[in-house]
Amino acid sequence: MNVLLFLFFILCLLSFLILGKPAFYLITGIFMTLCLFLVAIYLISHNFAVLPIFLVVLLALTGIILFYTNGFNPKTKLAFFCSVITFTLMILLIPLLTKSIAIAGFTPEEIDELATMNFAVPISYQALTAVLIIMSMAGAVIDASMAVASSLYELRYQGQLLSATALFQSSMKVVKEILGSSIHTLFFAFVANNLALIFWFSDLHYSFETLINAKAFVAELVISISAGIMTVATLPFTAYFGAKFFTR
């Protein structure tokens, strides 16, 4: 606990040193986000539907990150709009994906540890898995959309006055630079999160065929690939609508 408090103190100190007053909104926004998740868990434990609860949490989370932390301005409005559109596509596609590849529920490797527990809970694991994947991708989508929106804003109002076509072409140069680092970040996150899992499968002497068909591994791989796809889609999507929005 002391280590956690020390790390949190370092986070607060660096935030205030670098950001100044906006660091207050950053720190309080983190606590607001935590409270949202706790409320969602409480409601789900009292038999509320998983998907509607987390959709509300996702919208509220996006609003906190963009509007509360970064202020209500044209950049955050554009990022919010593009993020919501991307989330809508995710909500339509991810449940179909999780159902088709059957990654919902517990993995065979977890059965022994959970054998003494009661599995008769009124929760749709199909919906829960879809929500977990969507929430895992939300941060990358919001971050990518905000990065492009900020770049577009600076190009439009701090540089030369450009037409919508010229602004879009200029913003695509920024998109290409952001895209490479974003994909590598997601890849490194996948490797770091699943390195222990891969070593565990290695100790169990899983073959390559068994590994790529193991539910635990496939679920994490689906999250990473889906996050990459949605991030790639978000960047040019934001660039296009941003060029129209800032030159209207």
Side-chain angles (χ1 to χ4, degrees), residues 1-40 56-87 135-162 167-168 170-186 188-189 192-193 227 230-231 234-239 241-248:
M1 185 64 182
N2 292 332
V3 176
L4 293 178
L5 290 175
F6 176 73
L7 292 175
F8 181 71
F9 172 76
I10 295 297
L11 172 63
C12 294
L13 179 62
L14 292 175
S15 298
F16 278 102
L17 286 176
I18 296 172
L19 299 177
K21 184 179 177 180
F24 170 79
Y25 299 101
L26 172 64
I27 301 300
T28 54
I30 293 174
F31 282 104
M32 292 169 66
T33 301
L34 178 61
C35 291
L36 278 175
F37 281 110
L38 292 177
V39 169
V56 174
V57 169
L58 182 61
L59 288 176
L61 175 67
T62 307
I64 290 172
I65 293 173
L66 294 176
F67 298 133
Y68 180 76
T69 304
N70 295 290
F72 191 79
N73 52 61
K75 294 179 289 186
T76 53
K77 287 191 287 186
L78 172 64
F80 182 84
F81 171 75
C82 294
S83 296
V84 169
I85 297 298
T86 306
F87 293 151
M135 295 300 292
S136 299
M137 294 187 290
V141 170
I142 295 171
D143 181 60
S145 184
M146 188 61 193
V148 176
S150 298
S151 301
L152 277 165
Y153 183 86
E154 295 300 323
L155 285 170
R156 179 66 177 86
Y157 294 105
Q158 303 301 327
Q160 299 178 353
L161 293 178
L162 302 174
L167 185 60
F168 175 71
S170 298
S171 64
M172 285 303 297
K173 296 178 182 178
V174 178
V175 165
K176 293 175 183 177
E177 295 177 359
I178 296 174
L179 183 59
S181 60
S182 298
I183 296 301
H184 281 89
T185 300
L186 294 171
F188 292 146
N193 290 334
M230 289 302 171
T231 302
T234 301
L235 291 171
F237 181 72
T238 307
F241 279 98
K244 299 291 185 181
F245 179 72
F246 289 131
T247 56
R248 60 181 180 171

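Contact between K75 and A149 at its shortest, heavy atoms only, is O-CB, 3.5 Å. Heavy-atom minimum distance, L59 versus F80: O-CE1, 4.1 Å. Heavy-atom minimum distance, L152 versus G242: CD1-CA, 3.6 Å.
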Step by step, would you call T62 with F87 a side-chain contact (heavy atoms from CB on, under 4.5 Å)?
CA-CA 10 Å; T62 307; F87 293 151; 3.3 Å; yes
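Of the possible polar contacts, one joining the T76 side chain to the G71 backbone as a donor-acceptor pair under 3.5 Å is found. Checked by atom type and distance alone, the side chain of T69 pairs as donor or acceptor with a backbone atom of I64 at under 3.5 Å. In this structure, S145 contributes its side chain and V141 its backbone to no donor-acceptor pair below 3.5 Å.
For the pairing with S83, the side chain to side chain contact (heavy atoms under 4.5 Å, CB included) check across I142, I65, L58 returns one residue only, I142.
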Indicate every side-chain donor-acceptor pair of residues 10-39 with a distance under 3.5 Å to a residue at least two apart or in another chain.
unit_1: S15; atom_1: OG; unit_2: L11; atom_2: O; d: 2.7
unit_1: T28; atom_1: OG1; unit_2: F24; atom_2: O; d: 2.7
unit_1: T28; atom_1: OG1; unit_2: Y25; atom_2: O; d: 3.3
unit_1: T28; atom_1: OG1; unit_2: Y68; atom_2: OH; d: 2.7
unit_1: T33; atom_1: OG1; unit_2: G29; atom_2: O; d: 2.9

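The aromatic rings of F81 and F241 stand perpendicular to each other, their planes meeting at an angle above 60°, with 30° marking the opposite boundary.
In this view, V56 satisfies the side chain to side chain contact (heavy atoms under 4.5 Å, CB included) rule with no residue, not counting sequence neighbours.
Atom NZ of K77 has more than 12 neighbouring heavy atoms from other residues, nucleotides or ligands inside a 6.0 Å radius.
Considering OG1 of T234 and CG of D143, their distance stands at 10.5 Å, rounded to 0.5 Å.
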